[in-house]
Amino acid sequence: MPVTITFPDGSARQYEAGTTGAEIAASIGPRLAKAAVAARFDGAAIDLHAPITQDGAVEVITAASEDGRHILRHSAAHVMAQAVLDLYPGAKFAIGPPITDGFYYDFEVAAPFTPDDLVRIEKRMAEIIAEDQPFERDELSVAEALEVFADQPFKTEIIESVDEDEGAGGSEVSVYRNFAFVDLCRGPHVPSTKRLKAVKLMRSAGAYWRGDENRPQLQRIYGTAWESKSELDAYLERLEEAEKRDHRKLGQDLELYSFPQELGSGLAVWHPKGGLLRTIIEDYSRRTHLEHDYQIVSTPHLAKADLWQTSGHLDFYAEGMYPGMVLDESTEYRMKPMNCPFHILIYGNRGRSYRELPLRLFELGTVYRYERSGVIHGLMRARGFTQDDSHIFCEENDIAGELQNLLDFTLMVLRDFGFTEFEADLSTKDPEKYIGSDELWDKAEEALRLALEAADLPYNLAEGEGAFYGPKIDVHIRDAIGRRWQLSTLQVDFAQPENFDLLYATDHNTRERPVMIHRALMGSIERFVGILIEHYAGALPGWLAPVQATIVPVADRHIEYAEQVATRLESQSLRVEVDGSDETVGEKIRRAITQKHPAILVVGDSDVAAGTAGLRLRGEDEKRGVSVDDVVGKLVEVCRAPR
RNA sequence: GCCGGGGUAGCUCAGUCGGUAGAGCGACGCACUCGUAAUGCGUAGGUCACGGGUUCGAUUCCCGUCUCCGGCUCCA
C-alpha cells in the first residue's frame, strides 16, 4: 500500500508505507539527506527513522534551521546527561531542554561542578559523539517507566505528573535510548550522536528544581550546539560583541557613571558626562510632556508608613521596600518605591471638577526599591532609579481616547531615541484575582486593544497576566543586536482611586470616582540610558552625545584658532572640546574615536590661513579644508534633536 | 535571598607553594610642535576590599562582612 506524501512546495509523491523521513530526504537529494536531523509529519516533529504509514504532509528538518538546531540542542543535552551520569555515579538528573542558542541540564550531584568538571564532561561527550550512538525511541507504560527510573527521583516525579496533568495521554511515556543511557523524552532526536558537530559547554550554575526556591537546588550546566563549527564560532563572536556593548564597561570607559562600592549595591553616581546625558534626556522628557498637556509636579523621597498602608504597598510589596525609620518616637517613614500615592494626594488636595479631567500629573520621580542582592545589574536593575512617571486621572469614558493618545506619545518618544521595532503585551484580567466590576474591566481591556490596533502595534495577548487592580500594555523594543527590552508600561488602575476615595464633580454635580492610568514611557531613566548605551554600543546619536565634537590643533600655534572655531560652534549650542594636550595628532584622534565623539575637527596652518577645518564625522572619511561655516552647518544638522 | 567564581595601582591584569608586590595603559614631569587610530625618556602611585582567627610572620591559609561577575528565584 503506497502512501501519498505532499511537500512544502505543494508537490506530492508516492512512497511505500513504512517509509521514513530519512528515506524521503534521500529520495530528494543526497545533500538534503545529509543535512536532515528530523522530519515533520502533518506538522508534528518526528524522528528521521520513524516509519510513515499514512498519507500526509512531510517536511524535512535540516540542522541549519531553527527547528533543526532545537533538535540538535536537545540531543546534545541528552549526551551531556549521559556523560555526567557516566562520570559521576549516583548523580540524579532532572530536566534538560533546548533554549535560545543552547541547552541546559539540571543535576543533583554531591558537589557543584567546577570549571575542570566541565572540561571532563565535554571530553566524555566528545567520546560519546565519536561513537555515533543511535538514538532509539521507545514507548513505556507508566509502570514500566517508573521501574526504569526507580533510582531517579526527579524522573519519577515527572512520570507521575504526566499522569496527573496530561490525563488520558499520560498512560504511556516515551523514552530515548542511546546505548545504556535512557532518558524520558518526547523527542524527536537526531538519528545518532555523530550528528552533533559543534557542541560546547558554557558554564554551570545553581538552579532550583521546578524553579521553586523552596525545593532542592540543582546544578545546572549550560551548553550550546550548532550545526557546524563555523556557526559555533560565529555565535561565540556574537557573545563577545555583546560583551563589548556592556553598559557597565562602556559607562566606565566613556566616563558616564560608576557604582562606588562605598555607596552600596545597586546605587550609581553620575559623572559629568553621564550627568549631561541624563540632563539631555530629562529635558527632552519634560519638554515633550509639557507639550502633551501634562503638568509637572515634584514630590519627596519618603513618606509616612501610613500612606503606604493606604496605597496597599505595605500589604503587597513590603519586601520590596526599604525598612522603616521611626522618627519622633512613634512615626514610621519609608522610602518611596512608587510615585503614585503622592500624585494621588495632589489630586485629592481639593475637590476636582470634570472640567479638569483628564488631569495628567508628571514627575521624574526617583524611587527606591529593595531589590534582592543577587538580581542587581548595573543600571538595568538598580535599587534607586528615576521613573518618567505620570498618573492620569480621567473619567471612565475618557479611557479609550486617553490610551490612544498615550500610545502615540509613547511610540513618538521611543522613535525619537532611535528605536524602530516595537511589540506589545496586553495583560488582561486574572479571573481569580481582581477588583472592580467586570463591565469596567471589559471596557478598559477593549480600550487598550483599540489603542494597540489604532497604533498598528503588533501585540501578544497575555491573558490573566494583569495586576489585580487593572489591565495594562507593556511596550517592548528590539535593540540593535535583536534583544528585547520592556520599556513602557500603560497601566489602568481601578484600585487606587478607591483606596484614596478620589472623586470629581460631574456636570450634573454628582460625585463620581475617576479612573487612574499609571504610565512610564522610558520606564527608568537609568535603565533607559543603559539600553541606549548597549543599543548604540556607546556611539550615541549627535543630539545625545555629551561631547559632540573634538577639535584637534595640529601644533600649539593652532590652539588659538581652535578656540575660535570652538566658540563659533558653541554659539550654536554645540558641545565642543579642544584637545590642547601635548600629544601627537594621531593620538588625539584616537582618543576622540575611542570616546565615540560624533565629530573630529583637525586644524593646522592651512586652516588658520583659509578659515577652514578638516572634518571627520564618525564612521566617515575626513574632508580637508571645509569652511568653518560649512562645518557649523554640518554639525548643527548632525546634532539636531529629533524635536 | 540561593548556587558557583572573583575583589592586587585610576583602568585591564600578572604574582606571592606564608617572608608586606609587578606589567601595560592612564596620571604627572621633561623633551618633541607634529596633518589623521598609540612620539620618546623619566617620576609618582598599593592598608593586596574590610574585620577577626591561625602563625615568629598573613596580600597568600581559615571564618565573617561588604562588594562584583555568571546563573536561579524575584521584578508592584
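It should be emphasised that the depicted structure is a prediction, and the values quoted were computed from it without experimental measurement. First the proteins, then the strands, lettered A, B, ... as listed; each starts at 1.
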Parallel, tilted or perpendicular: rings of A:Y469 and A:H518 (30°, 60°):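 Tilted, since the angle between the ring planes falls between 30° and 60°.
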
Whether A:F419 and A:H535 hold their rings parallel, tilted or perpendicular, with breakpoints at 30° and 60°: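 A:F419 vs A:H535 ring planes: tilted.
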
For atom [atom1] of [X] and atom [atom2] of [N], their distance in whole Å:
{"X": "A:D556", "N": "B:C32", "atom1": "CG", "atom2": "C1'", "answer": "10 Å"}
{"X": "A:Y257", "N": "B:G10", "atom1": "OH", "atom2": "P", "answer": "22 Å"}
{"X": "A:L118", "N": "B:G5", "atom1": "CG", "atom2": "P", "answer": "12 Å"}
{"X": "A:M380", "N": "B:C68", "atom1": "CE", "atom2": "P", "answer": "16 Å"}
{"X": "A:I559", "N": "B:C34", "atom1": "CD1", "atom2": "P", "answer": "13 Å"}
{"X": "A:D117", "N": "B:G5", "atom1": "CG", "atom2": "P", "answer": "11 Å"}
{"X": "A:D607", "N": "B:G35", "atom1": "CG", "atom2": "P", "answer": "13 Å"}
{"X": "A:E560", "N": "B:U33", "atom1": "CD", "atom2": "C1'", "answer": "16 Å"}

What's the gap between [N] and [M] when it is taken at their [atom1] atoms, as a whole Å value?
{"N": "B:G24", "M": "B:G45", "atom1": "C1'", "answer": "15 Å"}
{"N": "B:U55", "M": "B:C48", "atom1": "P", "answer": "22 Å"}
{"N": "B:C50", "M": "B:G7", "atom1": "P", "answer": "13 Å"}
{"N": "B:C17", "M": "B:U59", "atom1": "C1'", "answer": "15 Å"}
{"N": "B:G18", "M": "B:C62", "atom1": "P", "answer": "11 Å"}
{"N": "B:G40", "M": "B:A9", "atom1": "C1'", "answer": "23 Å"}
{"N": "B:U47", "M": "B:G5", "atom1": "P", "answer": "28 Å"}
{"N": "B:U8", "M": "B:G15", "atom1": "P", "answer": "14 Å"}

Would you say the ring centroid of [X] lies under 6.0 angstrom from that of [Y]?
{"X": "A:W308", "Y": "A:Y317", "answer": "no"}
{"X": "A:Y257", "Y": "A:H271", "answer": "no"}
{"X": "A:F468", "Y": "A:Y434", "answer": "no"}

What's the shortest heavy-atom distance between [X] and [Y], and which atoms?
{"X": "A:I600", "Y": "A:V552", "value": "CG2-CG2, 4.0 Å"}
{"X": "A:S311", "Y": "A:Q496", "value": "O-NE2, 3.1 Å"}
{"X": "A:S285", "Y": "A:D388", "value": "OG-CB, 4.0 Å"}
{"X": "A:G542", "Y": "A:P598", "value": "CA-CG, 4.2 Å"}

Just checking [X]: base, sugar-phosphate only, or nothing, at a heavy-atom cut-off of under 4.0 Å?
{"X": "A:Q219", "answer": "sugar-phosphate"}
{"X": "A:G580", "answer": "nothing"}
{"X": "A:S373", "answer": "base"}
{"X": "A:S606", "answer": "base"}
{"X": "A:D605", "answer": "base"}
{"X": "A:R557", "answer": "sugar-phosphate"}

Protein-to-nucleotide contact annotation, 5' to 3' order, nucleotides 39-48 of chain B [B base; S sugar-phosphate only; - none; under 4.0 Å, heavy atom]: B---------

Annotated protein contacts, base or backbone, on nucleotides 71-76 of chain B with a non-hydrogen cut-off under 4.0 Å, one of B, S, - each: BBBBBB

Runs of at least three consecutive pairs that involve RNA chain B, where pairs are Watson-Crick or G-U with distances under 3.5 Å: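 Stems (3+ consecutive pairs) listed as B:1-7 with B:66-72, B:10-13 with B:22-25, B:27-31 with B:39-43, B:49-53 with B:61-65.
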
Derivation of the salt bridge (Lys or Arg N to Asp or Glu O under 4.0 Å) call for A:D474 and A:K472: CA-CA 7 Å; A:D474 294 317; A:K472 68 169 175 175; 3.5 Å; yes

Whichever of A:S265 and A:D253 has its nearest RNA chain B nucleotide further upstream toward 5':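 Final value for this comparison: A:D253.
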
Of A:G614 and A:G266, the one whose closest RNA chain B nucleotide lies more 5':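 Nearest-nucleotide comparison on RNA chain B picks A:G614.
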
Pair A:E241-A:K244, salt bridge (Lys or Arg N to Asp or Glu O under 4.0 Å): steps then yes or no: CA-CA 5 Å; A:E241 277 306 308; A:K244 281 189 201 149; 3.1 Å; yes

A:R591/A:E583 under salt bridge (Lys or Arg N to Asp or Glu O under 4.0 Å): CA gap, chis, key distance, verdict: CA-CA 10 Å; A:R591 286 186 192 182; A:E583 288 295 343; 3.5 Å; yes

Test log, rule salt bridge (Lys or Arg N to Asp or Glu O under 4.0 Å), inputs A:R513 and A:D501: CA-CA 8 Å; A:R513 208 173 283 304; A:D501 195 24; 3.1 Å; yes

Sole residue of A:W209, A:Y105, A:F93 in ring pair (Phe, Tyr, Trp, His ring centres under 6.0 Å) with A:F154: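 Considering A:W209, A:Y105, A:F93, a ring pair (Phe, Tyr, Trp, His ring centres under 6.0 Å) with A:F154 is found only for A:W209.
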
Phosphate contact (B:G70 OP1 or OP2) by A:R248 side-chain N/O below 4.0 Å: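 It does, given that an N or O in the side chain of A:R248 lies less than 4.0 Å from OP1 or OP2 of B:G70.
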
Candidates B:A27, B:G35, B:C68 - which lies nearest the side chain of A:R591: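 Nucleotide nearest to A:R591's side chain: B:A27.
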
